[in-house]
Number of protein chains: 2
Amino acid sequence: MQKILTALCDSTRRAALAILWDGGEHCVCELMDRLGASQSRMSRHMKVLREAGLVLDRRDAQWVRYRRNPDLAPEFAAVVTAVLAAEHHTELETT
Amino acid sequence: MQKILTALCDSTRRAALAILWDGGEHCVCELMDRLGASQSRMSRHMKVLREAGLVLDRRDAQWVRYRRNPDLAPEFAAVVTAVLAAEHHTELETT
DNA sequence: TGCGCATATGCGCATATATTTATATATGCA
DNA sequence: TGCATATATAAATATATGCGCATATGCGCA
């Protein structure tokens with residue numbers, strides 16, 4: 001629980017989760033580009049998400065592809081979904 | 001959003017929220033006792049919750065009574081509820 | 001084997017956050 | 001007014017977090 005909330009407490013990590021949450025696979029370089037984050041920064045953030053159990057990674061040739069962890073306990077998945085939904089909601093208001 | 005997640009990122013604050021989330025009013029001294037927190041610590045934690053918009057306070061004689069903010073936007077209330085539910089769930093597992 | 005791309009990590013710095021101690025403020029009551 | 005209770009806050013300190021830079025590692029390809 002604590003690790004998950006800590007992971008959710010950073011906007012770059014939430015943005016990465018928002019991209020991954022559809023279930024697709026995305027490599028670190030794609031996330032870097034889309035979020036405008038430096039390489040080391042992106043890598044570290046993904047490590048936090050991985051260690052919180054929110055995402056899984058898989059090496060594919062020279063890339064590492066991240067994806068949502070499908071085995072995340074439902075009550076934790078609900079937290080992530082609620083946070084992403086709330087953020088999406090407020091973004092729409094701000095725009 | 002950021003303030004709400006920061007507020008949720010501390011176990012003492014989550015425990016206080018769990019007590020307040022039923023809608024009742026509770027003074028700081030009660031929260032101190034129930035959570036085993038020192039006075040200044042409890043006061044600061046409640047300030048974080050208040051500034052995140054999660055709770056409201058009201059002075060009643062020499063006490064300050066805190067309660068859940070009923071006007072919290074539903075998408076944020078959903079986040080809090082999901083977090084408290086997840087925590088409650090894991091507590092049951094651990095016990 | 002050597003090179004280049006993709007990713008991870010150690011290190012140091014700056015900033016944020018939490019905690020304790022001490023003190024200040026507000027209220028009720030004698 | 002003076003004291004007790006309840007709460008807030010300031011100062012000092014410890015700890016955590018995020019970041020960039022440099023470097024290491026893994027992989028494909030020539």
Side-chain angles (χ1 to χ4, degrees), chain A residues 1-20 24-69 79-80 83 87, chain B residues 1-20 24-69 79-80 83 87:
Chain A
M1 182 80 230
Q2 188 58 56
K3 278 197 172 181
I4 289 179
L5 287 171
T6 303
L8 288 169
C9 218
D10 177 276
S11 66
T12 299
R13 289 194 291 262
R14 289 197 298 278
L17 274 182
I19 292 174
L20 295 176
E25 276 192 328
H26 303 267
C27 65
V28 179
C29 55
E30 180 194 340
L31 298 171
M32 283 175 58
D33 290 345
R34 291 177 62 177
L35 304 179
S38 75
Q39 190 271 316
S40 81
R41 198 174 143 222
M42 200 72 240
S43 178
R44 281 181 194 282
H45 280 315
M46 295 315 293
K47 181 180 185 178
V48 174
L49 291 176
R50 185 176 0 111
E51 291 186 344
L54 298 177
V55 303
L56 299 178
D57 63 334
R58 171 179 76 91
R59 180 164 279 277
D60 175 17
Q62 66 262 57
W63 300 279
V64 173
R65 309 217 185 256
Y66 280 89
R67 66 188 184 283
R68 170 179 175 171
N69 177 7
V79 169
V80 175
V83 167
E87 193 148 62
Chain B
M1 181 80 232
Q2 188 58 56
K3 277 198 173 182
I4 289 178
L5 287 171
T6 303
L8 287 169
C9 218
D10 176 277
S11 65
T12 300
R13 288 194 291 260
R14 288 197 299 277
L17 274 182
I19 292 174
L20 295 176
E25 277 193 326
H26 304 266
C27 64
V28 179
C29 56
E30 179 193 341
L31 297 171
M32 283 175 58
D33 290 345
R34 291 177 63 177
L35 304 179
S38 74
Q39 189 270 317
S40 85
R41 196 171 148 234
M42 199 72 240
S43 178
R44 285 197 180 276
H45 281 315
M46 294 317 292
K47 180 180 186 177
V48 173
L49 292 175
R50 183 174 5 107
E51 291 186 343
L54 298 176
V55 303
L56 299 177
D57 63 333
R58 171 179 77 91
R59 181 164 279 277
D60 175 18
Q62 68 262 56
W63 300 279
V64 172
R65 309 217 185 256
Y66 280 90
R67 65 187 185 283
R68 170 178 176 172
N69 177 8
V79 169
V80 175
V83 167
E87 192 148 62

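Protein chains get the first letters and strands the later ones, always in sequence-line order, with residue 1 at the start of each.
Atom CZ of B/Arg65 is separated from atom C1' of D/dA6 by 11 Å (rounded to the nearest Å). If you measure from atom CZ of A/Arg50 to atom C1' of C/dA8, you get 9 Å, rounded to the nearest angstrom. Atom CG of B/Asp60 and atom P of C/dA26 are 17 Å apart (whole Å). Per the geometry, CG belonging to B/Leu8 stands 12 Å off P belonging to C/dA18, to the nearest Å. Between A/Asp10 atom CG and C/dT17 atom C1' there is a gap of 15 Å when expressed in whole angstrom units. Regarding B/Gln2, its CD atom lies at a distance of 13 Å from the P atom of D/dT17, rounded to whole Å. To the nearest angstrom, C1' of D/dG18 lies 16 Å from CG of A/Leu35. If you measure from atom CD of B/Gln62 to atom P of D/dA6, you get 6 Å, rounded to the nearest angstrom.
The side-chain hydrogen bond (donor to acceptor under 3.5 Å, both in side chains) with A/Tyr66 is formed by just one residue from the set A/Glu25, A/Arg50, A/His26; it is A/Arg50.
In terms of phosphate contacts, A/Tyr66 brings a side-chain nitrogen or oxygen within less than 4.0 Å of OP1 or OP2 of C/dA8. Taking 4.0 angstrom as the limit, B/Lys47 places none of its side-chain polar atoms (N or O) nearer than this to OP1 or OP2 of D/dA8. Between A/His45 and D/dC19, a side-chain N or O to OP1/OP2 separation shorter than 4.0 Å is present.
The side chain of A/Val28 lies closest to C/dA8, out of D/dC27, C/dA8, D/dT7. Of the candidates C/dT19, D/dG20, C/dA8, C/dT19 carries the atom nearest the B/Arg41 side chain, counting heavy atoms from C-beta on.
Of all heavy-atom pairs between A/Arg41 and A/Ser38, the closest is CB-OG, 3.1 Å.
Residue contacts for B/Arg13: at a heavy-atom cut-off of 4.0 Å it reaches the sugar-phosphate backbone alone, with no base atom in range. Residue contacts shown for A/Cys27 are limited to sugar-phosphate atoms, with no base heavy atom under 4.0 Å away. A/Ser43 comes within 4.0 angstrom of a nucleotide base, judged by non-hydrogen atoms across all strands.
Side-chain contact between A/Val79 and A/Leu8 is present, with at least one heavy-atom pair separated by less than 4.5 Å. In this structure, the side chains of B/Arg13 and B/Leu17 stay at 4.5 Å or more apart for every pair of heavy atoms. A heavy-atom distance below 4.5 Å is not found between the side chains of B/Lys3 and B/Thr6. In this structure, A/Glu30 and A/Trp63 have side chains that are not in contact, with every pair of non-hydrogen atoms separated by 4.5 Å or more.
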Subject >> Worked check of side chain to side chain contact (heavy atoms under 4.5 Å, CB included) between A/Leu5 and B/Arg14 >> reply: CA-CA 11 Å; A/Leu5 287 171; B/Arg14 288 197 299 277; 3.3 Å; yes
**OP:** Show the numbers, then the answer: is there a side chain to side chain contact (heavy atoms under 4.5 Å, CB included) between A/Met1 and B/Val83?
**Re:** CA-CA 8 Å; A/Met1 182 80 230; B/Val83 167; 3.6 Å; yes
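Remark: D/dC29 base-pairs with C/dG2. Criterion, Watson-Crick or G-U wobble with two distances under 3.5 Å.
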Interface polar pairs with nucleotides 21-23 of chain D, N/O, under 3.5 angstrom:
unit_1, atom_1, unit_2, atom_2, d
D/dC21, N4, A/Ser40, OG, 3.2

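Two residues, A/Ala61 and B/Met32, neighbour DNA chain D, and the one matched to the more 5' nucleotide by heavy-atom proximity is B/Met32.
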